[in-house]
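Each chain gets a letter, A, B and so on, in the order the sequences are listed, and its residues count up from 1.
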Amino acid sequence: MTDARPLRLRFAPSPTGYLHVGGARTALFNWLLARRTGGQFLLRIEDTDKARSTDDSTRAIFEGLTWLGLDWDEEVVFQGANLERHRADAAKMLAAGAVYRCFCTTDELAARRAEAELRKEAFKYDRRCDRLPPAEVERRVAAGEPFVLRFRVPAGETTWHDLVHGQISFPNKDIEDFVILRSDATPIYNHAVVSDDIAMAVTLVMRGDDHISNTPKQILLYEALGAPLPQFAHLPMIHGTDGKKLSKRHGATAVGDYQHLGILPQAMVNFLALLGWSPGGEFEEVMTLDQLIHAFSEDGLLRKASVFDPKKLEWMNGQHLSQLPIAELEPRVTPALVAAGYTTAEHLATHHDWYRTLLDLLRVRSRLIDDIVRQAGPYFVDAITYDPEAVAKQWKEPAVVLPLLTATRETLAALPEWTPPVMEEALRHLAEAKGVGGGKIFQPLRVALTGLTVSPGIFDVMVLLGRERTLARIASAEDHLETLASA
RNA sequence: GGCCCCAUCGUCUAUCGGUUAGGACGGCACCCUUUCAAGGUGCAGAGACGGGUUCGAUUCCCGUUGGGGCUACCA
């Protein structure tokens, strides 16, 4: 932005559902640009559709943005609160002659539209009410006949330089005289948006490209209101894996869904940032919010719609999971561990170093926070359960495994020091003495200790468990194997 | 139907007229290795089609095709 004035951007969702990933991406780009340029990022809730707007949705939007780390400047604007100004602006345009009263009812309009469709013609309002003699208009208004306000689209062409698309223009003849104020004197979308954007002094309108065809109407409104035009930037859509517009059919589409799936907000933001935008040239894909702010520029905005790939999101999350400072990861995992019933926040607080070591070992093997929780069981529960598959694979021959486990336990019990190098040396000697490979010792031992075939390195597991629990678990496994052998 | 937008590997993308069209996810193989990950290496994989412009087009222009959006007294 070479413009000297600070950018004022806004995100203006309608509270008719959760915060969609597409909306989140739009919010993110606006926020990134505001933060990058030292401008403002404003939030406006477009709640003028009373039938569909809910407080729950409004709350979901706040929560979603907050979770992502996107903070907004100034007070949140609720569009519904600006009704008086919307009316005043409409009145201003009526007085200036840019707008006229239309007495056609919705039923009449619907009938004419249907008729046009029957003749395979494009329906466009025929402006008949604009041709009404002033005296008749006065008479009908006085008689209390309901009317809407329609914008008289002038002849010509409406053009703007879109920050992502370059020049876009619409012949005005293709734009019909659209309604700006309903018969109940409430504003229609395009009017409310323009009135509010002017009032909020928005200088750059960045939104989804599904709004491209609204733009010429809005530009006409700015001109009729005598307000300076903002810049426009239309972002490409985000589609589902099937190439269609992202919807509920594609599974999770709300940012809240991903939060509950165990996605980190920094990963979500990172992933979303790379959908429809690229720093250009060679670049490292895994970035922190801060790096994104510095790298972001409207120059890198892309035109093509992109497909939301959950697989790449998961990979991205895995990257952030292992790169995040452990102190930042902790508070995101703790609630999940507690919710799983494994432990309490207090216990984790009193075993802080141990907890951090555990997290460090598990996060390498995880893509989602849930993956960490899934692997954490053996380090918290008293009695582990043996996974049938693990037993079938590693304890297939109890007669062979049992004596090895016993020897392992005895070896470990005699260790002067409970550290990985000492354990490893002792156990490898044992394997050699028994004439078997290390795996014959380590694998059955892993099942004895965790009940599973997969875990962090076996020596790390033993350190985590501690000597006592390790030895007790091996003893339990020996018992189990004995009953297995005698059965 | 009308208007508008878009078009590089399956997906996200680099390329700003000249490249063996590069990287990432996913897939496959191998290495590392006590398992699983992580990591490393390698393989397969793309300019929708047709015309121009140009010495030379993925790149610029036009058309075709395909996809998307809008077409309400919704937002």
Side-chain angles (χ1 to χ4, degrees), chain A residues 12-16 46-49 51-53 79 102 104-106 109-110 113 116-117 120-124 146-150 162 164-165 168-171 173-176 178-184 186-190 192-193 208-216 234 236-237 239 241 243-245 271 274-286 302-309 311-316 318-319 322 361-367 371 375 390 393-394 424 427-428 431 437-443 445-447 450 452-459:
Chain A
S14 46
T16 54
E46 308 216 319
D47 55 353
T48 49
D49 184 349
R52 295 196 298 158
S53 300
Q79 190 160 66
C102 172
C104 299
T105 66
T106 45
L109 257 14
R113 196 170 284 121
E117 196 163 326
K120 290 188 191 301
E121 280 171 21
F123 176 78
K124 205 178 122 192
F147 60 85
V148 300
L149 254 30
R150 273 186 195 275
D162 196 277
V164 354
H165 293 275
I168 299 181
S169 53
F170 285 75
K173 66 172 174 52
D174 293 327
I175 307 170
E176 77 169 348
F178 54 97
V179 175
I180 64 158
L181 206 68
R182 297 186 184 87
S183 49
D184 66 356
T186 57
I188 285 296
Y189 174 72
N190 284 125
V193 165
D209 67 17
D210 48 340
H211 286 286
I212 286 180
S213 46
N214 282 140
T215 307
H234 288 94
M237 304 273 86
H239 288 165
T241 323
K244 300 239 165 69
K245 191 173 178 178
F271 175 73
L274 262 12
L275 246 35
W277 171 76
S278 165
E282 304 261 309
F283 65 94
E284 178 55 55
E285 293 196 47
V286 181
L302 273 5
R303 286 180 291 254
K304 197 183 73 163
S306 52
V307 173
F308 188 93
D309 179 6
K311 276 279 192 299
K312 186 155 185 178
L313 206 213
E314 285 190 14
W315 166 79
M316 186 70 84
Q319 295 295 309
S322 45
L361 290 170
L362 298 187
R363 65 169 169 175
V364 189
R365 271 154 267 267
S366 305
R367 293 202 148 188
D371 293 335
Q375 301 175 74
K393 192 171 179 195
Q394 303 300 346
E424 177 156 16
L427 257 26
R428 289 211 187 267
K440 288 282 185 245
I441 301 273
F442 303 139
Q443 287 305 91
L445 177 57
R446 191 185 314 281
V447 179
T450 66
L452 307 166
T453 53
V454 309
S455 81
I458 197 67
F459 309 115

Sugar-phosphate, base or nothing in reach of A:Val179, heavy atoms under 4.0 Å: sugar-phosphate
Select one nucleotide: of [options], the one nearest the side-chain heavy atoms of [X].
| X | options | answer |
| --- | --- | --- |
| A:Ile212 | B:U11, B:C73, B:C4 | B:C4 |
| A:Ser183 | B:C12, B:G26, B:C73 | B:C73 |
| A:Gln79 | B:A75, B:U34, B:C73 | B:A75 |
| A:Ile168 | B:C12, B:C5, B:A24 | B:C5 |
| A:Phe170 | B:G68, B:G22, B:C3 | B:C3 |
| A:Leu275 | B:C25, B:A75, B:C12 | B:C12 |
| A:Leu274 | B:G2, B:C12, B:U13 | B:C12 |
| A:Arg52 | B:G2, B:C74, B:G26 | B:C74 |
| A:Asp210 | B:G69, B:A75, B:C3 | B:G69 |
| A:Glu285 | B:C3, B:A75, B:A24 | B:A24 |

Side-chain-base donor-acceptor pair under 3.5 Å for A:Arg303 and B:C6: no
Whether [X] contacts [N] is assessed here as follows: a side-chain N or O lying under 4.0 Å from the phosphate OP1 or OP2. Is that the case?
| X | N | value |
| --- | --- | --- |
| A:Thr106 | B:C73 | no |
| A:Arg365 | B:U35 | no |
| A:Lys173 | B:C3 | no |
| A:Arg113 | B:U71 | no |
| A:Arg182 | B:A75 | yes |
| A:His165 | B:C6 | yes |
| A:Ser278 | B:A14 | yes |
| A:Gln319 | B:A37 | no |

Pair partner, [N] [Watson-Crick or wobble, under 3.5 Å]:
| N | result |
| --- | --- |
| B:G63 | B:C49 |
| B:A24 | B:U11 |
| B:C30 | B:G40 |
| B:G1 | B:U71 |
| B:U54 | none |

Step-by-step side chain to side chain donor-acceptor pair (under 3.5 Å) determination, A:Arg182 to A:Thr186: CA-CA 5 Å; A:Arg182 297 186 184 87; A:Thr186 57; 2.8 Å; yes
Residue met sooner reading RNA chain B from 5', once A:Val364 and A:Leu302 are mapped to nucleotides: A:Leu302
Earlier contact from the 5' end, RNA chain B, for A:Val164 and A:Phe283: A:Val164
Neighbour count above 12 (heavy atom, 6.0 Å) for A:Glu121 CD: yes
A:Lys124 atom NZ: more than 12 heavy-atom contacts under 6.0 Å: yes
Give me the distance, rounded to whole Å, that separates [N] from [M] when you measure between the [atom1] atoms they each carry.
| N | M | atom1 | answer |
| --- | --- | --- | --- |
| B:G23 | B:U8 | C1' | 13 Å |
| B:A21 | B:G47 | C1' | 8 Å |
| B:A46 | B:C61 | C1' | 24 Å |
| B:G1 | B:U15 | C1' | 39 Å |
| B:C49 | B:G66 | C1' | 10 Å |
| B:C30 | B:C36 | P | 13 Å |
| B:U71 | B:G52 | P | 40 Å |
| B:A44 | B:C6 | P | 34 Å |

Give, for atom [atom1] of [X] and atom [atom2] of [Y], the distance between the pair rounded to the nearest 0.5 Å.
| X | Y | atom1 | atom2 | value |
| --- | --- | --- | --- | --- |
| A:Thr215 | A:His165 | OG1 | NE2 | 9.5 Å |
| A:His234 | A:Asp162 | NE2 | CG | 6.0 Å |
| A:Leu427 | A:Ile458 | CG | CD1 | 9.0 Å |
| A:Ile188 | A:Leu149 | CD1 | CG | 11.0 Å |

Trace of the side-chain contact (heavy atoms from CB on, under 4.5 Å) decision for A:Gln375 with A:Leu361: CA-CA 10 Å; A:Gln375 301 175 74; A:Leu361 290 170; over 6 Å; no
